[in-house]
Amino acid sequence: MSGTRTGRGDEPASKGEESDAVEREAAKQRLLAQAEAERVPVEDTTRAVPDRRWRRDKR
């Protein structure tokens, strides 16, 4: 991700790029918070059982 840097240390190339970086970080944090809120604990999930009835019908 060196494309947003000037190559002279860690300074952004411009104020526009700096604000873009801030917006990207804020969006990333929102997505992470949303994903965590929607996460289902493993204990609350059930194991999927394959439906094999179609195989019996073809015999």
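Computed from heavy atoms alone, side chains included, the values below leave out hydrogens, waters and symmetry copies.
- Every residue two or more places apart in sequence or in another chain was checked for a salt bridge (Lys or Arg N to Asp or Glu O under 4.0 Å) with Arg30, and none qualifies.
- By the side chain to side chain donor-acceptor pair (under 3.5 Å) test, Glu38 pairs with Gln34, sequence neighbours left out.
- Residues passing the salt bridge (Lys or Arg N to Asp or Glu O under 4.0 Å) test with Glu36 are Arg39, sequence neighbours excluded.
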